[in-house]
Amino acid sequence: MISNGINNETNNRTSIALYSVKVKRQMSVILLAIIGLYIYTSIATESSLIDFIDGWSGFERVAKDLFPPNWSYAPQVWEYLAETIQMAIIATTFAALASIPIFLLSAANLFPSKWVHQPVRFIMNVLRTIPDILLAVIFVGIFGVGVFPGIMALFIFSLGILAKLMYETIEAIDTNPLEAIRASGGNTLQVIWYAVMPQVLPQFVSFGLYVFEVNVRASVVLGFVGAGGVGLLLQQQVSFFNYPRVMTIILIIFIAVVIIDYISNKIRERLV
């Protein structure tokens with residue numbers, strides 16, 4: 001019995017040692033693959049960390065131009081910042097409402113037929129492949145420079161994100177309430193109202209707040225192509241090389257985003 005125990009312990013140590021060697025070998029292969037991929041992409045794109053080091057002098061020059069900020073320009077920024085936040089609110093609200101039937105139809109546990117959920121998912125996948133800035137360029141070309149093209153771009157962008165996040169959430173919920181209502185003769189609407197929505201409503205609100213945060217940041221970038229908001233003001237000042245005003249705008253955007261993130265996180269903590 002003692003010899004058997006010693007043999008088992010020896011075998012276990014041998015197995016652990018072999019497993020450790022195998023893991024180290026795998027990690028080494030992965031590390032070499034990453035290094036090789038980095039070298040290849042650096043050669044293919046003709047860029048590397050050396051370029052960052054070489055460009056440091058340019059960074060220092062721009063940093064000197066940005067400081068000190070021109071705080072006397074701040075009152076003119078608030079109106080555009082409010083416009084940006086309003087764009088994000090409108091786009092997120094309408095996208096959240098429009099996403100409800102879409103993510104319900106996309107959930108395989110609610111609509112098992114591939115002829116129902118697969119086409120809806122495909123359409124949403126197509127929408128998500130289009131960058132928001134490209135959508136903004138398209139809508140600016142259609143409607144002209146202003147806030148409305150930005151709202152439309154953010155709406156479609158938000159719709160794709162919310163639909164994907166929510167149908168994946170629905171497919172991960174507890175199916176026992178769904179089966180119980182179906183077994184008692186409930187229809188699909190009753191299943192959704194009494195079994196699905198109570199389980200996913202906190203996540204829906206949480207995802208909506210997250211998308212709102214993303215839209216506030218994205219709307220700044222969209223302004224560079226004429227989609228309104230504080231981004232349009234930022235683009236104008238950059239084109240005029242008025243860097244003190246640019247720094248003022250950047251700092252105000254930073255403060256606003258930090259405040260929005262803080263409030264949003266507090267709300268999500270109470271919901272989830």
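In what follows, residues are counted from 1 in the order of the sequence shown. Note that the structure is a prediction, hence the values are computed from the model and not measured.
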**Prompt:** Going from CD1 on Ile263 to CG on Leu209, what distance comes out if it is rounded to the nearest 0.5 angstrom?
**Reply:** 10.5 Å

**Where Ile151 and Ala91 come nearest, the two heavy atoms and their spacing** = O-CB, 3.7 Å

**Closest contact, heavy atoms only, Asn215 versus Ala88** = CB-CB, 3.8 Å

**Message:** Using only atom types and a distance under 3.5 Å, with no angle test, would you say the side chain of Gln190 pairs donor to acceptor with the backbone of Asn187?
**Reply:** yes

**Message:** Quick check: is Val200 connected to Leu97 through a chain of hydrophobic side chains (ILVMFWY, heavy atoms under 4.5 Å apart)?
**Reply:** no

**Prompt:** Are the side chains of Thr169 and Phe103 in touch, meaning some heavy atoms are under 4.5 Å apart?
**Reply:** no

**Item:** Pairwise side-chain contact, Arg128 with Lys164, heavy-atom cut-off 4.5 Å (strictly under)
**Value:** yes

**Message:** Using the rule given for side chain to side chain contact (heavy atoms under 4.5 Å, CB included), can you reason through Ile85 versus Phe212, listing the C-alpha separation, both sets of side-chain angles and the distance that settles it, and then say yes or no?
**Reply:** CA-CA 9 Å; Ile85 296 174; Phe212 170 68; 4.2 Å; yes

**Prompt:** Should Asn265 and Glu213 count as side-chain neighbours, where that means a heavy-atom distance under 4.5 Å?
**Reply:** yes

**Message:** Ignoring hydrogens, what is the shortest heavy-atom contact between Phe111 and Leu104? Give both atom names and the distance.
**Reply:** CD1-O, 3.2 Å

**Item:** Thr93 side chain to Ile89 backbone, donor-acceptor under 3.5 Å
**Value:** yes

**Message:** So for atom CH2, which belongs to Trp78, do other residues, nucleotides or ligands contribute more than 12 heavy atoms lying within a distance under 6.0 Å?
**Reply:** no

**Message:** Checking Glu179 now: which residues fulfil salt bridge (charged side-chain N to carboxylate O under 4.0 Å, His left out) with it, not counting sequence neighbours?
**Reply:** none

**Minimum-distance pair of heavy atoms, taken over all atoms of Glu171 and Ser106** = OE2-O, 3.8 Å

**Message:** Starting from Leu37, can I reach Ile43 by hopping between I/L/V/M/F/W/Y residues whose side chains sit under 4.5 Å apart?
**Reply:** no

**Asked** How about Phe143 and Phe148: are their ring centroids closer than 6.0 Å?
**Response** yes

**Asked** Where do Ser99 and Ala163 come nearest, in terms of heavy atoms and distance?
**Response** CB-N, 4.4 Å

**Request:** Hey, could you give me each pair passing side chain to side chain donor-acceptor pair (under 3.5 Å) that has a residue in residues 235-262? Not counting sequence neighbours.
**Result:** Tyr73-Gln237, Arg217-Asp261

**Prompt:** Is Val246 reachable from Phe241 through a run of hydrophobic residues whose side-chain heavy atoms are each under 4.5 Å from the next?
**Reply:** yes

**CZ-CE distance between Phe157 and Met152, expressed to the nearest 0.5 angstrom** = 15.0 Å

**Message:** Are Met124 and Leu127 packed together at the side-chain level, in the sense that at least one heavy-atom pair is separated by less than 4.5 angstrom?
**Reply:** yes

**Item:** hydrophobic_cluster_shared for Phe240 and Trp71, side chain cutoff 4.5 Å
**Value:** no

**Message:** Restricting to salt bridge (charged side-chain N to carboxylate O under 4.0 Å, His left out), what partner residues turn up for Glu83, sequence neighbours left out?
**Reply:** none

**Request:** Decide yes or no for Ile34 and Ile30: does some side-chain heavy atom of the first lie under 4.5 Å from some side-chain heavy atom of the second?
**Result:** yes

**Asked** Nearest 0.5 Å, what's the CD1-CG distance between Ile161 and Asp132?
**Response** 8.0 Å

